[in-house]
2 protein chains.
Amino acid sequence: MGCHYHAAECKRVGGVLSRIGDKWSVLVIIMLGGQPRRFNELKRLIGGISQRMLTLTLRGLERDGLVSRTAYPTIPPRVDYALTDLGRSLLLPLERLSTWAVGNLPRIEAARAQFDRQNAPETMAAADT
Amino acid sequence: MGCHYHAAECKRVGGVLSRIGDKWSVLVIIMLGGQPRRFNELKRLIGGISQRMLTLTLRGLERDGLVSRTAYPTIPPRVDYALTDLGRSLLLPLERLSTWAVGNLPRIEAARAQFDRQNAPETMAAADT
DNA sequence: CAGAATCCCGGAAGATACTG
DNA sequence: CAGTATCTTCCGGGATTCTG
């Protein structure tokens, strides 16, 4: 008891989490939460992501069935990305985690600051004499 | 509307997720969910983690105030790791995500397999003639 | 506009050896 | 037992260039 997961299940959970836990996936999913978006629209909204990483992130999410890709063969080309049903079903647990994150970020940052103060990197030997 | 997050909040969420979304943190947190554990106990339970990464992961979680470290100055040394209140409060949203992950993993793997079948890497030119 | 291809660097992480 | 130290390898990801 205590841990009600088998090791295999833990790894699976870890696998999914490292899937969406990469640098950009969550941002993309959240940005697609309301409505479909086009490639450069996503790029602008997220800000700071390279087109390469956006492409790779979207490919990964598409591969996992979380995002659908619709290309219109027009000129200039237009591609819409949207959450699939599976992707939308992830939105709720993700928001729960978001709520936790937003609500507890102050605590985390405080703990971090205190930890760093106690394990002073250096400059302490000179300062505290 | 649609996206009820500001960009800054999205990034914060992403930050926390990349914190716990690394390769091992979630596993450690879940393993500590039931009861405190000792270092090598965690190592054995998780399996496949190097002592280096376990140390770093635990340090990170301790720094963020999610895990507490208690060292008993005995010989041989004994160190207990446990979730803090903050860490325990993460357990619930994490379990929600776990539930989603476990429940939807078949779908994800199916989507993945199909995607890979359609975008056949190579060896198809020779096989399908 | 929406990518694909290439180059490149820094950090993540494994393996190994040593220690209080 | 519970780490630290070092070395090395691998790959995530940025910048840039080219295309349909």
Side-chain angles (χ1 to χ4, degrees), chain A residues 11 14-28 31-32 35-64 67-82 115 118-122, chain B residues 11 14-28 31-32 35-64 67-82 115 118-122:
Chain A
K11 300 232 166 149
V16 172
L17 258 142
S18 64
R19 174 72 203 74
I20 63 168
D22 67 31
K23 200 170 178 184
W24 302 109
S25 290
V26 174
L27 281 303
V28 170
M31 287 304 179
L32 290 177
Q35 63 277 170
R37 305 273 192 188
R38 302 179 55 174
F39 187 87
N40 278 337
E41 187 183 4
L42 278 173
K43 189 165 180 323
R44 247 176 296 110
L45 282 170
I46 294 177
I49 189 174
S50 62
Q51 73 284 56
R52 176 189 142 84
M53 284 322 293
L54 183 53
T55 300
L56 289 180
T57 302
L58 286 168
R59 280 268 179 290
L61 293 173
E62 188 194 356
R63 183 169 111 101
D64 285 356
V67 160
S68 68
R69 192 192 111 113
T70 314
Y72 303 94
T74 61
I75 295 180
R78 172 201 177 110
V79 179
D80 276 10
Y81 291 94
F115 185 93
Q118 273 157 5
N119 307 36
E122 58 259 43
Chain B
K11 301 235 166 147
V16 172
L17 258 145
S18 65
R19 175 70 203 74
I20 63 168
D22 66 34
K23 201 170 179 184
W24 303 109
S25 291
V26 174
L27 281 302
V28 171
M31 287 303 179
L32 291 177
Q35 64 275 170
R37 305 272 192 189
R38 301 178 56 174
F39 187 87
N40 278 338
E41 187 182 5
L42 279 173
K43 189 165 178 326
R44 247 175 297 110
L45 282 170
I46 295 178
I49 188 173
S50 62
Q51 72 284 54
R52 175 189 141 84
M53 284 320 295
L54 183 53
T55 300
L56 289 180
T57 302
L58 286 168
R59 280 268 179 290
L61 293 173
E62 188 193 357
R63 183 169 110 102
D64 286 355
V67 160
S68 69
R69 192 190 111 113
T70 314
Y72 303 93
T74 61
I75 293 180
R78 172 203 178 108
V79 179
D80 277 10
Y81 290 94
F115 185 92
Q118 273 157 4
N119 306 37
E122 57 257 48

Closest to the [X] side chain: [options]?
X	options	value
B:F39	D:dA2, C:dA4, D:dG20	D:dA2
A:Y81	C:dG14, C:dG3, D:dC1	C:dG3
B:S50	D:dA2, C:dG14, D:dT4	C:dG14
A:P77	D:dA2, D:dT16, D:dG20	D:dG20
B:M53	C:dG14, D:dC1, C:dT6	C:dG14
A:R52	C:dG3, C:dG14, D:dA15	D:dA15
B:N40	C:dA15, D:dG14, D:dA2	D:dA2

How many Å lie between [atom1] on [X] and [atom2] on [N], as a whole number?
X	N	atom1	atom2	result
A:I46	D:dG14	CD1	P	12 Å
A:I75	C:dG3	CD1	P	15 Å
B:L42	D:dA2	CG	C1'	12 Å
B:R69	D:dA2	CZ	P	10 Å
B:E41	D:dG3	CD	C1'	17 Å
B:R38	D:dG3	CZ	P	10 Å
A:R37	C:dG3	CZ	P	16 Å
B:D80	D:dA2	CG	P	8 Å

Residue pair B:V28 / B:L54, side-chain heavy-atom distance below 4.5 Å:
yes
Is B:L42 close to B:L27 at the side-chain level, that is, under 4.5 Å between some pair of heavy atoms?
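Contact flag for B:L27/B:L42 side chains = no.
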Hey, does the side chain of B:K43 come within less than 4.0 Å of D:dC1's phosphate (OP1/OP2), counting only N and O?
no
Is any side-chain N or O of B:R59 closer than 4.0 Å to OP1 or OP2 of D:dT4?
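So the side chain of B:R59 is within the cut-off, an N or O lying under 4.0 Å from OP1 or OP2 of D:dT4.
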Please determine whether side-chain contact (heavy atoms from CB on, under 4.5 Å) holds for the pair B:Y72 and B:D80, giving the CA-CA distance in whole Å, both sets of side-chain angles, and the decisive distance to 0.1 Å.
CA-CA 8 Å; B:Y72 303 93; B:D80 277 10; 4.0 Å; yes
For DNA chain C, whose closest nucleotide is more 5', that of B:L56 or that of B:Q51?
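With B:L56 and B:Q51 compared, the 5'-side residue is B:L56.
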For B:F39 and B:L58, run side-chain contact (heavy atoms from CB on, under 4.5 Å): C-alpha distance rounded to whole Å, both residues' side-chain angles, the deciding distance at 0.1 Å, then the answer.
CA-CA 9 Å; B:F39 187 87; B:L58 286 168; 4.0 Å; yes
I need the single residue from A:R37, A:R44, A:R38, A:K43 that forms a salt bridge (charged side-chain N to carboxylate O under 4.0 Å, His left out) with A:E41. Which is it?
A:R37
